[in-house]
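All values derive from a computational prediction rather than experimental measurement. Heavy atoms only: backbone and side chains are in, while hydrogens, waters and symmetry mates are out. Note that ligands are numbered from 1 as they come in the structure, with each ligand's atoms numbered from 1 the same way.
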Amino acid sequence: MKFGGTSVGTVASLRNVKNIVEGESGPVVVVVSALGGITDRLIATATKACGGDASWREDYDYIVDRHRAIAEGLLPDDCRKEVWANVGEILQELHNLFYGIELVGDISQRTMDRVVSFGERMSSLMIAHVIAGARLFYSPEFVKTEKRYGENIPDSQLTDSLIREAFAGFSEGVAVAPGFISSDRDSGKVTNLGRGGSDFTAALIAASLGADVLEIWTDVDGFMTADPRVIPGARVIPRLSFVESMDLCNFGAKVIYPPTIYPVFHKNIPIIIRNTLNPSAPGTFIADEHVPCEWPFRGVSSIKDVCLFTVTGTVPGSLATRIFSVLTKNGVEVLLDTRSESAERHESEVSFATREKEAERAAELLSKEFDAELSNGEVKRLTQRHKLSTLSIVGENLKNLEGMASKVAGTLAANGVPVLAVARGNSEINLSMVLQSADLENSLRLIHKTYLE
Ligand code: ADP
Ligand code: ASP
Ligand code: MG
């Protein structure tokens with residue numbers, strides 16, 4: 001059972017967590033995030049300290065107060081003092097760290113990784129005492145990462161065997177473990193699985209221990225046809241397949257952190273999305289099954305801050321192969337791509353989208369790869385467009401609805417929204433369009449209203 005930031009953010013929501021977990025009969029591993037908003041606040045405080053802004057101390061006080069409220073409101077009388085003293089030591093360490101950052105006026109990635117680890121360190125320590133009879137497990141001891149293309153990626157094999165070892169004696173009751181945080185397999189320094197990564201921690205543990213189910217408890221009634229924060233008419237989807245959920249998440253549905261789905265999918269462990277704030281709602285059941293759908297597609301999701309590259313040229317061999325091999329080799333994620341050939345001009349054109357934060361690196365890699373061709377004219381154009389977003393529709397019905405791509409693009413065009421690129425995903429169950437970010441919200445509403453309401 002994984003409880004996200006909103007589930008563990010306040011005394012009231014944490015009381016629900018306590019009731020939900022204590023109502024379980026079998027052995028259960030509970031993975032918790034930092035108290036809601038604390039990870040953002042840790043980053044903001046460190047950034048202020050780094051810039052010499054003395055108000056970081058007020059932010060620090062806010063972090064202390066949030067944790068104190070939980071301690072005072074929920075820790076049992078017999079351990080409150082002791083646990084709060086332990087949290088106090090961690091908070092003192094955090095204060096020293098911020099102060100050090102202020103003095104040095106600089107912050108490395110490794111230091112920031114240490115800063116953000118405090119959120120889950122403190123939340124898990126307190127929650128392990130809030131839930132009756134729970135035992136605390138420390139995830140960085142068994143979730144191990146390695147560095148790839150500047151990112152920390154789990155070493156799956158090592159992590160798998162360490163999780164089994166750590167939980168070997170655990171056969172009843174409740175285990176509590178911090179989500180998100182891990183450690184580097186070589187240096188032992190604390191790392192993390194990326195923002196939203198607590199879901200992933202829970203999936204790794206569920207897969208290694210062969211759990212019956214992975215429950216993700218959050219602040220909405222289930223996986224919905226669209227982000228309810230943007231689309232008020234979004235509906236809960238009672239059941240969906242792993243593949244559909246993967247595509248919806250890969251294309252931006254924040255409800256599950258995308259890498260989460262793979263480990264449980266491979267072990268055929270279903271995922272259930274539930275609402276901590278409304279525990280009687282049945283939620284969404286995600287499994288390896290075909291679920292009939294009465295709508296043209298299951299849902300719609302989107303990614304903001306996307307860059308669209310277009311490369312045109314007469315490069316001998318395949319232009320696309322060279323582009324995608326250099327990007328893949330260097331760990332740049334391509335969200336979607338389209339290719340076209342002009343036989344009479346022997347010219348190919350390849351367009352692809354990346355996240356904005358990876359665009360600069362992608363541009364550098366392409367300039368290097370096509371250095372000679374850009375000088376001799378074999379690559380005629382290499383352009384980038386910024387401030388874009390992707391809008392994706394996903395559903396198994398799309399396999400059989402040939403005309404749906406032009407229909408949806410037509411709906412947008414008829415409402416004056418320029419569609420800059422359209423691409424069908426490899427799984428054939430998604431269709432993505434690239435739009436200007438300024439058009440995104442209206443387009444999501446329009447597509448949802450036209451096809452899903
Ligand atoms: P947690 O802190 O529990 O991990 P997140 O904020 O990461 O919660 O994820 C839950 C949020 O995901 C919801 O509040 C909702 O705004 C957003 N969301 C985006 N797309 C969807 C979707 N298709 N279905 C449900 N929620 C979605
Ligand atoms: N606390 C981390 C974050 O805010 C991890 C998580 O909540 O899943 O990104
Ligand atoms: Mg999340």
Under the side chain to side chain donor-acceptor pair (under 3.5 Å) rule, what do T159 and S156 come out as? Steps first, then yes or no, please.
CA-CA 5 Å; T159 299; S156 319; over 6 Å; no

Under 3.5 Å: N/O of K2 near N/O of ligand 2
no

Are any of the side-chain nitrogens in K48 or E58 under 4.0 Å away from the carboxylate oxygens of its partner?
no

Looking only at heavy atoms of G119, does any of them come nearer than 4.0 Å to an atom of ligand 2?
no

Could you tell me, atom by atom, which parts of ligand 2 come under 4.0 Å of a heavy atom of G196?
3 (C), 5 (C), 6 (C), 8 (O), 9 (O)

Of K144, R185, R148, K147, the residue whose pairing with D155 passes salt bridge (charged side-chain N to carboxylate O under 4.0 Å, His left out)
R185

4.0 Å heavy-atom contact, G222 with ligand 1:
yes

Should you measure from each heavy atom of E120, which atoms of ligand 2 turn up under 4.0 Å away?
1 (N), 2 (C), 5 (C)

S33 neighbourhood, listing ligand 2 atoms whose heavy-atom distance to it stays under 4.0 Å
6 (C), 7 (O), 8 (O)

Which atoms of ligand 2 sit under 4.0 Å from any heavy atom of R195?
3 (C), 4 (O), 9 (O)

Within a distance under 4.0 Å of any heavy atom of G197, pick out the atoms of ligand 2 and give their elements.
5 (C), 8 (O)

Do any N/O atoms on R229 end up under 3.5 angstrom from N/O atoms on ligand 1?
yes

